[in-house]
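The structure presented is a predicted model; accordingly, all values stated were derived computationally and were not measured. Below, all heavy atoms of this structure are taken into account, side chains as well, without hydrogens, waters or symmetry copies. Numbered from 1 within each chain, the chains take letters A, B, ... in sequence-line order.
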Amino acid sequence: MTDGIANDRLEKLQAMRAAGQDPFPARVPRGQPIGELLPDFAQRHGQVVTIAGRLGVVRDFGKLRFAHLSDRTGSLQVGFQRDRLAAFWPNRKQIEGNDLVSITGELGTTQKGEPTLWATDVVLASKALRPAPEKWHGLQDQEQRYRMRYVDLFANPEVRQAFALRSKIVRAVRHYFDSLDYLEVETPILQPIFGGAAARPFVTHHNALDMQLYLRLAPELYLKRLIVGGMERVYEIGRVFRNEGISTRHNPEFTMLESYEAWADYRDIMARVEGLFGHLVEVVLGGQSVVTFREKQYDLKPPFQKARYLDLFAQQNPGVDWFDHASCLARARELGLKTDGIEPHKLANDVFEATVEDTLQGPIFVHDYPVAISPLAKRMSGDPRVTERFELFVCGMELGNAFSELNDPIDQEQRFQDQVAHKDDETPGEVDVDYVQALEFGMPPAGGLGIGIDRLCMLLSGSTSIRDVVLFPLLRRLDPNANAGADAAAPQAPPQP
RNA sequence: GGGGGCGUAGCUCAGCCGGUAGAGCAGCGGCCUUUUAAGCCGUAGGUCGCAGGUUCGAUCCCUGCCGCCCUCACCA
């Protein structure tokens, strides 16, 4: 606020206040969306209309000025002529680029045919004390774009479009499940025991109950309680939180879709996923099923490829037995993976991820995962070492995870106890006895699904980074003292009385 | 956490071999009634991310730190 440009604008604002004008009026003529005027503009010649929005760069010709006015629906040139704006003209410079204005005038064109609103009434709606970024390049600096998304959004129209697409995707997902008679529900984000995924949680505390709480890793265990309760078909689209690293495909908070359907197994859910993608291709992509992602093309039109987890593992690791620790350990060392203190099943899966995931161009369903890495999935009847579970991969990126839900409370309790016995910071320190109790009341066979909505948006929009589909990605806080040197750093603690 | 890159005016970017900074846009003053990246004349604007070091002299070389981007690790 101390730079000269802001002060120029501040002076204009103060001059307006001195003249009795409100630079931030509560209400101005709102008019109509610009986008409504454009399609049949030629027929509207001579019409008097009002539009409101943000002013672009002013092109000044002395007794004539032009500027574009933009709202969420479009952009239209406004012409300010001295002869039509006798009262406004002397103070015309008080309204400048980036100000928010409401303008009434007559529709027409310029000599070169540019659709133009010839202003007869100009009302300042809100004074901008800071200028817009450069008109031609917009805001380019990545960091500034994320830290000041509000500027990024108005300066770079394609950013607004990207988030409009995200909205459309989420709406399409909702529509798909709604049409299948699923109920959209909301379950606790603050959870006393974390579960539903293997990850480190964020920890918080409730004062009145003096209780440690975790921000949820997943809604899974609550949604399945609803299946016990007879809701039979439920889904939730909501934020989950994982205290992990940040990368182009990870944000500490992200949006997850989870759905559960009674009387379905993982084969039915596979069909649901294919149905969902078919719906997204139609509704979001307009039938154009091929998307470009990380410089490669993917056809999202179902049906998708399928491959068994253990088959893929065997292909990439000939002679290695997933279930034999010594065998996996040797392979992991060969691959240069971390092996110290890693549980055998985790290590085996690390070998899978290191050797197989990058080969999964997809879309492909990887199915029948080992039970040891699938603590909530039901075992295959023919082979108790594996579960009825699949994941969906595109471009080596895991998009979704689904399985026939484990509804045997005795098996479930045993697996929870195994987790507790081998507790690390990604597993809870206690059995979720209430969840086991819920299963004891009887849960119908059910199929469940989780899809990372952010990654889905990345794929459908061709975004390389998750930050381009998250409006406000988590960034390190800028510490005003950080750059001031050690001497200027804030004291570690206030002096004790 | 490891590796690589970047940080210069409000914004977009130059800046050579080390000689303490430039352009365009935005701003300010002026000319112009049909421009649309308007044009022309003038003017102002800088802790070169921060702190040290080397040097007669550092935006430039070195070290540390801060932040962002990419990548690997971890994860979805």
Side-chain angles (χ1 to χ4, degrees), chain A residues 1-9 11-12 56-68 75 77-84 93 96-98 108-116 118 129-148 151 155 196-200 217-218 240 242-252 254-257 336-338 342 346 349-350 353-354 357 391-393 397-401 425-426 450-456 458 464-467 473 475-489:
Chain A
M1 288 298 286
T2 54
D3 60 79
I5 292 161
N7 285 337
D8 292 335
R9 288 173 174 261
E11 280 168 23
K12 288 170 189 166
V57 183
V58 178
R59 301 181 287 273
D60 190 342
F61 285 80
K63 298 185 185 67
L64 171 72
R65 350 179 77 195
F66 291 106
H68 271 84
S75 176
Q77 176 166 271
V78 178
F80 304 84
Q81 294 162 296
R82 184 191 60 179
D83 299 343
R84 286 190 188 225
K93 290 195 174 179
E96 57 198 318
N98 209 32
T109 54
T110 62
Q111 288 173 1
K112 291 193 176 166
E114 172 83 10
T116 301
W118 295 106
L129 291 180
R130 294 177 185 270
E134 212 242 7
K135 63 182 173 187
W136 194 237
H137 300 91
L139 189 65
Q140 293 298 317
D141 185 271
Q142 281 297 10
E143 183 174 356
Q144 298 303 334
R145 289 185 47 217
Y146 297 146
R147 288 195 190 279
M148 300 195 289
V151 177
R200 284 150 62 193
L217 301 171
V240 297
R242 300 189 183 177
N243 209 336
E244 306 282 354
I246 294 174
S247 79
T248 47
R249 41 188 89 175
H250 300 89
N251 195 55
F254 62 102
T255 301
M256 178 100 109
L257 159 77
L337 299 179
K338 241 185 294 180
I342 313 258
K346 184 98 168 61
N349 191 47
D350 287 349
E353 290 181 359
E357 277 198 357
E391 293 199 348
L392 175 63
F393 285 88
M397 180 168 77
E398 185 188 335
L399 269 185
N401 181 21
D425 50 10
E426 293 188 347
I451 287 182
I453 292 290
D454 312 84
R455 288 184 173 181
L456 181 66
M458 288 170 68
T464 307
S465 170
I466 196 169
R467 294 181 204 91
L475 297 177
R476 202 177 291 272
R477 185 178 176 185
L478 289 181
D479 180 353
N481 293 319
N483 289 338
D487 293 344

Assign [X] to base, sugar-phosphate, or nothing according to its heavy-atom contacts below 4.0 angstrom with the strands shown.
X	result
A/Val240	nothing
A/Gly79	nothing
A/Leu399	nothing
A/Asn251	base
A/Glu398	sugar-phosphate

**OP:** Answer whether the closest heavy-atom distance between the side chains of A/Asp350 and A/Lys346 falls below 4.5 Å.
**Re:**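 Yes; the side chains approach each other to less than 4.5 Å.
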Original post:
Any N or O donor-acceptor pair linking the side chain of A/Gln140 to the base of B/rU12 at under 3.5 Å?
Top reply: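 In this structure, the two groups form no donor-acceptor pair.
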Taking only the [atom1] atom of each, what is the distance from [N] to [M] in whole angstrom?
N	M	atom1	value
B/rG24	B/rU8	C1'	15 Å
B/rG22	B/rC62	P	25 Å
B/rG64	B/rG57	P	23 Å
B/rC11	B/rG49	P	13 Å

Original post:
Is there a Watson-Crick or G-U wobble partner for B/rC68 with both distances under 3.5 Å, and if so, which one is it?
Top reply: B/rG5
Original post:
Should B/rG42 form a Watson-Crick or G-U wobble pair with both distances under 3.5 Å, which nucleotide is its partner?
Top reply: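 Per the H-bond distance test, B/rC28.
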Original post:
Taking only residues two or more places apart in sequence or in another chain, which ones pass side-chain contact (heavy atoms from CB on, under 4.5 Å) with A/Gln142?
Top reply: A/Arg145, A/Tyr146
**OP:** Using heavy atoms to find the nearest nucleotide of RNA chain B for A/Gly97 and A/Arg59 separately, return the residue whose nucleotide is more 5′.
**Re:** A/Gly97
Original post:
Between B/rG24, B/rA76, B/rU35, which one does the side chain of A/Thr116 approach most closely?
Top reply: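 Between B/rG24, B/rA76, B/rU35, the one nearest the side chain of A/Thr116 would be B/rU35.
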Original post:
Of the nucleotides B/rC13, B/rU36, B/rA76, which one has an atom closest to the side chain of A/Ile466?
Top reply: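 Nearest to the side chain of A/Ile466 among the choices is B/rA76.
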Original post:
Which letter, B, S or -, goes with each nucleotide of nucleotides 28-34 of chain B from 5' to 3', with contact meaning a protein heavy atom under 4.0 Å?
Top reply: SSS-BBB
Each nucleotide N or O in nucleotides 68-74 of chain B that has a protein N or O under 3.5 Å away: list the pair and distance.
{"residue": "B/rC68", "atom": "OP1", "partner": "A/Arg476", "partner atom": "N", "Å": "2.7"}
{"residue": "B/rC68", "atom": "O4'", "partner": "A/Glu143", "partner atom": "OE1", "Å": "2.9"}
{"residue": "B/rC69", "atom": "OP1", "partner": "A/Arg467", "partner atom": "NE", "Å": "3.0"}
{"residue": "B/rC70", "atom": "OP2", "partner": "A/Arg467", "partner atom": "NH1", "Å": "2.9"}
{"residue": "B/rU71", "atom": "OP2", "partner": "A/Thr248", "partner atom": "OG1", "Å": "3.4"}

